[in-house]
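So that the names make sense, note that chain A is the first sequence line, chain B the second, and so on, each numbered from 1.
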Amino acid sequence: MPELPEVETIARGLRAVLPGRRFTRVTATWRPMVERSPLDVVQQLPGRRIEEVGRRGKYVVIALVDGAILLVHLKMSGRLYVGAADEPPDPYCRVTFDLDDGGQLRFRDPRKFGRVYLTPDVESVVGNLGPEPLDGGFTETDFLTRLSQRRGWIKSLLLDQTFIAGVGNIYADEALFAARIHPLRRADALGEEQGRRLYAAVRCVLERGIRLNGASLRDGMYRGGSFQTSFCVYSRTGEPCPVCGTAIERARIGQRSAHYCPVCQR
DNA sequence: CTAAAATCCTGGTGGC
DNA sequence: TGCCACCAGGATTTTA
């Protein structure tokens, strides 16, 4: 579920409670979740103190006072939250981080896809990520140049984390709709006008997602939840396009579903 | 370089 | 109501 706006929302929430806390114990119920970490999370995290909480792409980045970094990728179904250690156990909690104030940081992930990394060098984990779409360093000129150098489908390119960090299937579909671009257009075939619209649309939908506190995090992920108010095309197959009324179509693009308006998006 | 397919997992949804 | 195939917002690795 979490894409950039959702991860940003989660990181902001953690930032309010984690800085200053020290990890006292780590319990990994599901080993694969911590096995790709450069440093042993269970053995080496306890004793370290939290400096600050941030985000890079879809990673929650927890900087430690000694310079090491703890990164969490939530993948499809992960959630990070803080509670009291004596709260009822969560059957889907895969990694538990005990804190020095009696609190507990819990990594809940029903599908077990999530990963945790402890490393002295952040770049060893996030070094291949593309630019942060909401950073000042991400310029329209740079975006247009890099677009022109890629020949693949624009939808697949938006999902490529080495091209831009943080965009997932929902926001890719929403950005393409806002920019009125068909998901199967080739990146290098987009005109300058369309490239500009896409640049603005990507930032716009992500900012809106953050303003809504991670739109897809809200209550029901499905019908009746935030989809009814937050998204124009995602998961709305068959429903009328909010602009022209044509039924939204769904197609398989690069193993992922794409939702789009066949009339508005060209 | 581009892209497809398989893979890691489980729970919810919708069709029958 | 019950069963079951299918679907899922991610990303890497392998293969073509």
Among A/L64, A/V65, A/I62, A/L18, find the residue that satisfies the side-chain contact (heavy atoms from CB on, under 4.5 Å) test when tested with A/E51.
-> A/V65

Side-chain N,O (A/R36) to OP1/OP2 (C/dT13) below 4.0 Å | yes

According to a strict under-4.0 Å criterion, is A/S77 in side-chain N/O contact with OP1 or OP2 of C/dA8?
-> no

Counting just side-chain N and O atoms, does A/Y92 come under 4.0 Å of either OP1 or OP2 of B/dC9?
-> no

OP1 or OP2 of C/dG10 sitting under 4.0 Å from any side-chain N/O of A/H73?
-> no

Below 4.0 angstrom from OP1 or OP2 of B/dA4, is there any side-chain N or O of A/Q255?
-> no

Distance below 4.0 Å between A/R151 side-chain N/O and B/dC1 OP1 or OP2 = no

Would you please test A/Y171 and A/Y234 for ring pair (Phe, Tyr, Trp, His ring centres under 6.0 Å) and show each step?
-> CA-CA 8 Å; A/Y171 293 96; A/Y234 184 78; 9.0 Å; no

Report which part of the nucleic acid A/S257 touches: base, sugar-phosphate, or nothing (heavy-atom distance under 4.0 Å, all strands).
-> sugar-phosphate

Considering heavy-atom distances to DNA chain B, does A/G254 or A/P32 have its closest nucleotide positioned more toward the 5' end?
-> A/G254

Short N-O contact, A/E192 and A/R196, less than 4.0 angstrom | yes

Please confirm whether A/R146 makes a cation-pi placement over A/F163, using NZ or CZ under 6.0 Å from the six-membered ring centre and within 45° of the ring normal.
-> yes

Watson-Crick or G-U wobble mate for B/dC9, both contacts under 3.5 Å = none

Does A/R111 put a side-chain nitrogen or oxygen below 4.0 Å from OP1 or OP2 of C/dA8?
-> no

A/K75 side chain near B/dC8 phosphate (N/O to OP1/OP2, under 4.0 Å) = no

